[in-house]
Amino acid sequence: MFQLKGRVALVTGGSRGIGRAISVALARAGAFVVVNYRGNEAAAHETLEEIRKAGGDGAILGFDVADPAAVDEAIQGIVERHGSLDILVNNAGLAIDQLLMRVKPEEIDKTFATNVAGAIYCAKAAIRPMMRKKHGRIIQISSVVAESGNPGQVVYSASKAALIGMTKTLAREYASRGITVNTVTPGFIETDMTANLPEAARQGILAQTPVGRIGRPEEVAAAVLFLASDEASYVTGQTLGVNGGMYV
Ligand code: NDP
């Protein structure tokens, strides 16, 4: 379908869940995919194995997106080793769920350091090589709760809404350089992040999902693949929901 031959991609948090499915989808389309992880090297290796089984190629690279010096070093290294960085998928994220009254300052700091500052550090380091090439794709993995809100997720939803603002601003800043910036907002997707949700909460979410089932990471990856492709060259600053109709 979409061809990414010759492109180099970085997927942050590519070791597990949605990031793994995105890494495999981009690699299957021909991109060389750098799979980032924070601590789980074994899981990142599994992603790389899946990439190779799918006929693709890539590498794994551990760094914390919340550490700006580590991000700069990692992205400079990618460009030196692989010649460019064409596609950045800001997928790394964490959720610390808490009602407003129980939120601790350190939970806000930790969430924003990874979900927001991490995405900005990565985009900042990636933008120069993309500008030099007059081509680039930045895709942010936000969440349906950025659009709909969700009780118990004040910090997480605020961090994910920040990505939408970031997307719109960067889309305007870099459109003339051939760089598009878009957001994907997944609904409830089966991964480690959602694995421990109590059954009642799971049923509540399903009741609000017209498609009537939980989403698969591959369904998010398909949207990212489109946005990463040359065919999406006139799509920028947009928010693409992959949520089974949960928010329309
Ligand atoms: P998982 O918890 O399954 O995986 C999280 C990934 O992010 C792991 O690869 C982890 O690396 C990595 N990561 C976390 N913090 C950092 C960091 N500081 N630096 C580098 N990597 C980091 O998450 P999902 O696959 O479920 O979610 C992926 C993205 O999609 C997240 O941004 C999430 O908010 C978003 N999302 C998920 C939804 C869902 O229903 N699952 C719904 C909507 C949005 P490691 O393996 O090393 O720990």
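Counting starts at 1 for both ligands and their atoms, following the listed order. These figures come from a predicted structure and were not determined experimentally. Worth knowing before you read on, the calculation uses all heavy atoms, side chains too, and leaves out hydrogens, waters and symmetry mates.
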**Student:** For ligand 1, is there an atom lying under 4.0 Å from some heavy atom of Ala113?
**Tutor:** no
**Student:** Consider every N or O of Ile189 and every N or O of ligand 1, then say whether any pair is closer than 3.5 Å.
**Tutor:** yes
**Student:** Which residue owns the protein heavy atom closest to atom 7 (O) of ligand 1, what's the atom, and how far is it?
**Tutor:** Gly13 CA, 3.6 Å
**Student:** List every atom of ligand 1 that sits less than 4.0 Å from any heavy atom of Thr114, numbering the atoms from 1 in the order shown and giving each element.
**Tutor:** 15 (N), 18 (N)
**Student:** Short N/O distance, under 3.5 Å, between Gly39 and ligand 1?
**Tutor:** yes
**Student:** Within the structure, is a non-hydrogen atom of Asp64 found at a distance of less than 4.0 Å from ligand 1?
**Tutor:** yes
**Student:** What about Pro186: any of its N or O atoms under 3.5 Å from an N or O on ligand 1?
**Tutor:** no
**Student:** Looking at Arg52 and Glu49, is there a salt bridge between them, counting it only when a charged N and a carboxylate O are closer than 4.0 Å?
**Tutor:** no
**Student:** Tell me, please: is Lys160 in heavy-atom contact with ligand 1, that is, under 4.0 Å?
**Tutor:** yes
**Student:** Give me the nearest non-hydrogen protein atom to atom 25 (O) of ligand 1 as residue plus atom name, then the distance to 0.1 Å.
**Tutor:** Ile18 N, 2.8 Å
**Student:** Would you mind reporting whether Val145 and Tyr156 have side-chain heavy atoms less than 4.5 Å apart?
**Tutor:** yes
**Student:** Got His135 and Arg7 here, is their nearest side-chain heavy-atom distance under 4.5 Å?
**Tutor:** yes
**Student:** Of all the heavy atoms in Ser142, does at least one lie under 4.0 Å from an atom in ligand 1?
**Tutor:** yes
